[in-house]
Structure formats: structure tokens, C-alpha cells
Number of protein chains: 2
Amino acid sequence: MDVRTLCLGLLTRSEASGYEIKKAFQSGLSHFYDASFGSIYPALSRLTEEGLVTCKEEPQDKRPDKKVYRITPAGRLAFIDALGRPPGHDRIRSDFLATILFADLLSPRQIAGLIDGRLTETRSLLAELREQAKEETRAAGDRFVIAYGIAVLEAEVTFLEERRHVIEGAALLGRAPGSAAAD
Amino acid sequence: MDVRTLCLGLLTRSEASGYEIKKAFQSGLSHFYDASFGSIYPALSRLTEEGLVTCKEEPQDKRPDKKVYRITPAGRLAFIDALGRPPGHDRIRSDFLATILFADLLSPRQIAGLIDGRLTETRSLLAELREQAKEETRAAGDRFVIAYGIAVLEAEVTFLEERRHVIEGAALLGRAPGSAAAD
DNA sequence: GAAACCATGTAAGTTGTTACATGATTGG
DNA sequence: CCAATCATGTAACAACTTACATGGTTTC
């Protein structure tokens, strides 16, 4: 699902400006999606051209006019249609996992640092999601997705805590007996 | 980490052709990374230009020459240097979660279908990873990353099994009470 | 007085996918 | 006989990100 469709989806909930949509991305989707202004603003222009949203300009003192977008009936239909299509596979790119993959090229200290950093980051994301889970104004979908994120992140933390010694130990062995291979 | 760096990483393990690198992506990284020929072949050309790998052409009957790439000492240093840099954040794009986010716009049947599909897919990926976990020739990093994937996917399956009723029920509320049976 | 927030937008650059181009061989 | 595997590569396209451009206001 591209940024354009996601913007349309957020506009099914309430009218909003590009700036507000960016904030919505950050507080609620940030753990599995993100978007920059450079993709949001063009997306909103395009949706307007296509008649899926309308734009109302609110003049403001000494600031660019605030452009408030509102979804049209056609836009709502288009979005529901998009939701109906079978979703594509998740795409995950994790520098962390890619690095761990080659743990045998790193020192035990480097691996420990890497995992410490990951745990800190994951715990802080977890804390953020738990805060979000408390907000009762959220749509049912939001709450489910937040709970999903919490479940996954908890599993990650548990895994790292319980198994980190395995990979930290493996590094100690370096190029262990039998690894005379490719050189 | 881009495809170019990842190719370099795979070549720290053994020499390989572009075709073989594609296979390596599929059997071992596919749950958190993927790459097409369209990115692998140019990446290998570029690595060769930069002197990080060398290329040996093996002529084959009635097929394009097989080009076997081997990492150079400079390449190995460059890769270890890349591993040392702090990893960026994970990037996840999940059409499934994006769709669930707007569950209130879908019928209970659609949501159930969506979750059934997700469970099937996740279980099949899980089975694949469990097969991979059995392979004893894997590097320590591979095994750790595979186990990591298994832990996360198990948490996802458990979450969906235990909590799906929450979101399936929420969809019921989005429609006129009593009209659920007619859907 | 610095940082963060509000507010929009464009242009250049990155990174990657899909489709095209070519074609033999092997297994079900 | 059809699909998959082997084998490489290019060109067009897609979708985003980053940096640039502009500038007042509020909060620490």
C-alpha cells in the first residue's frame, strides 16, 4: 500500500492537513510504516486532481495557507476497494539482522553493543506503544495494530535476552575448527 | 544496508555467481530481506569496478558465461567496516497491518478472510524457517537470525489466534446491530 | 537564544522492482 | 509438453527520501 492510499485512509477518519497527516503517521503507524513530507504533499495533490479528496484553503497570518483535505464519496469508495484487494507480502529490511547474520566477523564486544542498542531501542518503542494503547479515542483497528506491535516486540526482547549468549559466544570462537573455507 | 553491501557480505563466505547469490537471498534472508536480479547484477558489476571483488568468467556451452565473484582483501575490509557502523532502524511495510488498521470499513467476513490468509502464510513461512533451522552447515549468524524469525512469527500466530475475535467483533459493531447474520 | 513546532512545497538523488531480451536443459 | 532451473544483463518505471527554499511562533 503506497503513501497515497494510506493518506486517503487517514482521511476516512477526519479531515486533515498534510502536516497533521504526517503526525498521524508518527503516532500510530510509525512502527510499521512511515512517510515524509516529500511523499505526503505530492500524494495529496494527486488525490485532489483525481477527485478523491477536496481541499479547503484556510488563510493564516504570516504562514502558508493551511490546506485542509476532506475525502469525497468517490474517495471513500476507492479506498474501500483498495482494502478489498489481497494484501502483498510484508517487506522488512533490518540492518540489525543483516549485521547479526555476519556476527562471526565481529568481536564479542561489538555484538554485545549491537544487542544492547537493539534492546534499548526496542524497549523504548515498546514503552511508546504501551502509551498509545492507553488512548481510548483510538479506532478499533488502531488498538489491534498497536497490540500486535506490542506482542511482536515483547517476543523480540524475550528472544534477545534469553538467546544473546548464543551469538555472543559464537563470536568468541571466531573462525572455529573446520572453517578453513573460502579465502 | 543495501543490496550491494549484502552481496559483499555473502561473498565473505564463499565465491558465487549472481545467480547463486539470488538463491542465497531466498534461502536464509527471505523473511527479512529480498533482492531481484535487477539489483544484484548491477551491484556485482559495481563491486568489481571498485576492486572489492574479482570476477572469473567460466565459459559454458550454449549458456551465458558463468561469472564467479570472489571477494578481495579490500572488499573484506570494506564489509567489516560497514558492519561496524550503527545499524539504521528497521523498515517495515505491511499491507496486512495497514488494512487491519481500517478494519471498521470491512465486513466481518472480509476480516476473517484476511486473518485466515495471514495465518496460513505465516505458518508456512514458519515451517520453512524450521526446516532451515535444521541445516547444520549454517553459519552461527544464520542460525541466530532464523531462530529470531521463528520467535517473532510464533508470537504473531499466537497473537492472531488469541485476539482475532477482538477485531472481528469490532467490525460487527461498525454495521447495523442485527444485520450481521445477513452478511 | 536555541530548539521545536507550525506550514507548504519542489528538485535531485537513491534504491529498488518489473518487464524485456535470449536461450539450452532437465524433470515431472 | 510444460514448468522450473540455469545464466546474464538492460531499460523503464516506481516510490520514496533528503535537502533545499521560506519564515513566523512558542516553549524551555
Side-chain angles (χ1 to χ4, degrees), chain A residues 1-9 15-27 29-30 32-50 53 55-69 82 88-95 98, chain B residues 1-9 11 15-27 29-30 32-50 53 55-69 82 87-95 98:
Chain A
M1 203 176 303
D2 55 19
V3 171
R4 179 180 150 276
T5 308
L6 234 30
C7 286
L8 194 57
E15 58 176 32
S17 63
Y19 193 85
E20 286 161 347
I21 285 175
K22 177 85 195 306
K23 279 197 298 185
F25 268 101
Q26 278 162 350
S27 73
L29 297 84
S30 64
F32 75 100
Y33 242 106
D34 204 5
S36 61
F37 285 124
S39 58
I40 291 171
Y41 286 124
L44 290 170
S45 303
R46 213 185 120 194
L47 287 169
T48 307
E49 279 172 35
E50 294 169 341
V53 305
C55 176
K56 178 180 52 174
E57 286 191 46
E58 290 177 4
Q60 305 200 128
D61 273 359
K62 311 272 187 175
R63 271 189 204 172
D65 293 357
K66 184 173 178 174
K67 293 188 174 180
V68 178
Y69 294 90
H89 293 123
D90 288 11
R91 290 173 174 217
I92 301 168
R93 348 215 73 188
S94 174
D95 274 14
Chain B
M1 205 176 300
D2 55 18
V3 172
R4 179 179 150 276
T5 308
L6 234 30
C7 286
L8 194 57
L11 292 172
E15 56 176 33
S17 64
Y19 193 85
E20 287 162 346
I21 284 175
K22 176 84 195 304
K23 278 196 300 185
F25 268 103
Q26 277 162 351
S27 72
L29 298 84
S30 65
F32 76 98
Y33 242 105
D34 204 5
S36 60
F37 286 125
S39 58
I40 291 171
Y41 286 125
L44 290 171
S45 303
R46 212 184 120 195
L47 287 169
T48 307
E49 280 173 36
E50 293 168 341
V53 305
C55 176
K56 177 180 52 175
E57 284 191 48
E58 291 177 2
Q60 306 202 127
D61 272 359
K62 310 272 188 176
R63 271 190 202 171
D65 293 357
K66 184 173 178 174
K67 294 188 173 177
V68 178
Y69 295 90
H89 292 124
D90 288 10
R91 290 172 173 215
I92 301 167
R93 347 214 72 187
S94 173
D95 274 14

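Naming convention: chains lettered A, B, ... in sequence-line order (proteins, then strands); numbering from 1 in each chain.
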In whole angstrom, what separates A:Ile40's CD1 from C:dT8's C1'? 12 Å

Quick check on DNA chain C: between B:Phe37 and A:Ser17, whose nearest nucleotide comes earlier from the 5' end? A:Ser17

Tell me the interatomic distance from B:Leu29, atom CG, to C:dG16, atom C1', rounded to whole angstroms. 16 Å

Which comes earlier along DNA chain D counting from the 5' end, the contact point of B:Arg93 or that of B:Tyr69, where each point is its nearest nucleotide? B:Tyr69

Can you check the B:Asp34 CG to C:dT15 C1' distance for me, whole Å? 14 Å

Do A:Lys67 and A:Glu15 sit within salt-bridge range, that is, some charged N less than 4.0 Å from a carboxylate O? no

Quick one: which of C:dT8, D:dA7, C:dT10 gets closest to the side chain of A:Pro42? C:dT10

Given C:dT17, C:dA7, D:dT8, the nucleotide with the shortest approach to the side chain of A:Tyr41: C:dA7

When you check the phosphate oxygens OP1 and OP2 of C:dT8, does a side-chain N or O of A:Lys22 lie under 4.0 Å from one of them? no

A:Ile21 CD1 - C:dG9 C1' separation (whole Å): 15 Å

A:Tyr69 vs A:Ile21 side-chain heavy atoms within contact, under 4.5 Å: no

Can you measure A:Glu49 atom CD to C:dG9 atom C1' for me and round it to whole angstrom units? 14 Å

How do A:Arg46 and B:Gly38 order along DNA chain D: which one's closest nucleotide is nearer the 5' end? B:Gly38

Picking from D:dG9, D:dT18, C:dA7, which would you name as closest to the side chain of A:Ser36? D:dT18

Rounded to whole angstroms, how far apart are OH on B:Tyr33 and P on C:dG16? 7 Å

Roughly, in whole Å, what's the span from NE2 in A:His89 to P in C:dT18? 12 Å

Where the side chain of A:Asp2 is defined as all heavy atoms beyond and including C-beta, which of C:dG16, C:dT17, D:dC16 is the nearest nucleotide? D:dC16

Test side-chain contact (heavy atoms from CB on, under 4.5 Å) applied to B:Ile40 and B:Ser17, B:Cys7, B:Ser45, the passing residue: B:Cys7

Starting the side chain at C-beta, find the nucleotide from D:dT8, C:dT17, C:dT8 nearest to B:Lys67. D:dT8

Contact between B:Arg46 and B:Arg4 at the side-chain level, heavy atoms closer than 4.5 Å - yes or no? yes

Could you tell me if the side chain of A:Tyr33 sits less than 4.5 Å from the side chain of B:Ile92, heavy atoms only? no

If I take atom CD in residue A:Gln26 and atom P in nucleotide D:dT17, what distance separates them, rounded to the nearest angstrom? 12 Å

